[in-house]
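In this chain, residues are counted from 1 in sequence order.
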Amino acid sequence: MKCPYCSGTESRVIDSRPAEDSEKIRRRRECLSCGRRFTTYEMVENTPLIVVKKDKSRQMFDREKLMRGLLRACEKRQIPLATLESLVDGIEQEFANEMVKEVSSVELGECVLRELKKLDKVAYIRFASVYRDFNDVASFMRELEKLQKEP
């Protein structure tokens with residue numbers, strides 16, 4: 001591990017414990033060259049999730065891209081950032097648990113919509129309007145009517 005202060009490559013672990021989410025190990029280290037302390041996080045490397053787009057092209061799942069979309073949908077809503085991060089974590093974990101290496105953008109979008117519907121109906125409609133490419137008021141109204149009919 002390279003020291004962030006002096007770039008020394010030798011350090012010793014002083015303390016080791018699970019991080020808040022229990023998915024990472026937090027390690028407190030001391031550089032053997034300069035004596036300064038720093039923190040590192042260790043986690044299991046997962047196989048990357050590949051998203052198959054509608055045009056059949058493939059790209060790696062981009063957590064930040066999904067977060068940006070959710071933030072836009074949840075703009076001016078009372079939804080904490082931690083809740084959205086947890087939502088994305090849950091979606092990633094769902095695909096990891098199923099040992100899925102490739103997921104279609106349609107399946108990913110539907111999964112996001114399912115979770116957003118539970119969280120906030122307005123954010124759900126906003127996300128759906130972009131994701132499902134509503135091109136007229138009628139398609140928007142049909143989605144609203146379906147939402148109102150649900151218990």
For residues 85-100, dump all side-chain donor-acceptor pairs below 3.5 Å to protein atoms at least two apart in sequence or in another chain.
from	atom 1	to	atom 2	distance (Å)
D89	OD1	R63	NH1	2.8
D89	OD1	R63	NH2	2.7
E92	OE1	R63	NH1	2.4
Q93	NE2	N97	OD1	2.8
E94	OE2	R114	NH2	3.2
N97	ND2	Q93	O	3.4

Rounded to the nearest 0.5 Å, what separation is found between the [atom1] atom of [X] and the [atom2] atom of [Y]?
X	Y	atom1	atom2	value
R37	D15	CZ	CG	9.5 Å
L71	L84	CG	CG	6.0 Å
R36	C3	CZ	SG	7.5 Å

Worksheet item: Do V103 and Y131 share a hydrophobic cluster, counting only Ile, Leu, Val, Met, Phe, Trp and Tyr and linking them when any side-chain heavy atoms are less than 4.5 Å apart?
Response: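 Yes, because V103 and Y131 connect within a single hydrophobic cluster, where side-chain heavy atoms sit under 4.5 Å apart.
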Item to complete: Is it possible for you to say whether V112 and V106 belong to one hydrophobic cluster, with membership spreading through side-chain heavy-atom contacts below 4.5 Å?
Response: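 Yes.
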I'd like to check the salt bridge (Lys or Arg N to Asp or Glu O under 4.0 Å) partners of [X]; sequence neighbours left out, ordered by chain and number.
X	value
K24	D21
K54	none
K146	E143
K53	none

Tell me every residue that passes side-chain contact (heavy atoms from CB on, under 4.5 Å) with [X], counting only those two or more places apart in sequence or in another chain.
X	result
Q78	none
A138	D136, R142
M60	P48, I50
S7	K2

Return a table of donor-acceptor pairs under 3.5 angstrom between the side chains of residues 27-35 and protein atoms on other chains or two or more places apart.
from	atom 1	to	atom 2	distance (Å)
R27	NE	E42	OE1	3.0
R27	NH1	S16	OG	2.3
R27	NH2	E42	OE1	3.2
R27	NH2	E42	OE2	3.4
R28	NH1	T39	OG1	2.7
R29	NE	T40	OG1	3.1
E30	OE1	R12	NE	3.1
E30	OE1	R12	NH2	2.8

Less than 4.5 Å apart, any side-chain heavy atom of [X] and any of [Y]?
X	Y	result
L70	I79	no
S105	V52	no
V51	R58	no
L49	K101	no
F127	L113	yes
F61	L108	yes

Discussion item. Applying side-chain hydrogen bond (donor to acceptor under 3.5 Å, both in side chains), can you list everything that pairs with D62, at least two apart in sequence or on another chain?
Written reply: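 Partners of D62 under the side-chain hydrogen bond (donor to acceptor under 3.5 Å, both in side chains) test: none.
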Item to complete: Indicate the atoms forming the closest heavy-atom contact of C74 with L116, along with that distance.
Response: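 For C74 and L116, the tightest heavy-atom pair comes out as SG-CD2, 4.2 Å.
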Item to complete: Applying side-chain contact (heavy atoms from CB on, under 4.5 Å), run through K121 and L147 and close with a yes or a no.
Response: CA-CA 8 Å; K121 303 278 193 257; L147 196 57; 3.6 Å; yes
Worksheet entry | Residue pairs fulfilling salt bridge (Lys or Arg N to Asp or Glu O under 4.0 Å) with at least one residue in residues 69-81, sequence neighbours excluded |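 Counting only pairs at least two positions apart or across chains, the salt bridge (Lys or Arg N to Asp or Glu O under 4.0 Å) contacts touching residues 69-81 are R77-D120.
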Worksheet item: Quick check: does any side chain N or O of Y5 sit under 3.5 Å from a backbone N or O of F38, one acting as donor and the other as acceptor?
Response: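 Not a single qualifying donor-acceptor pair exists.
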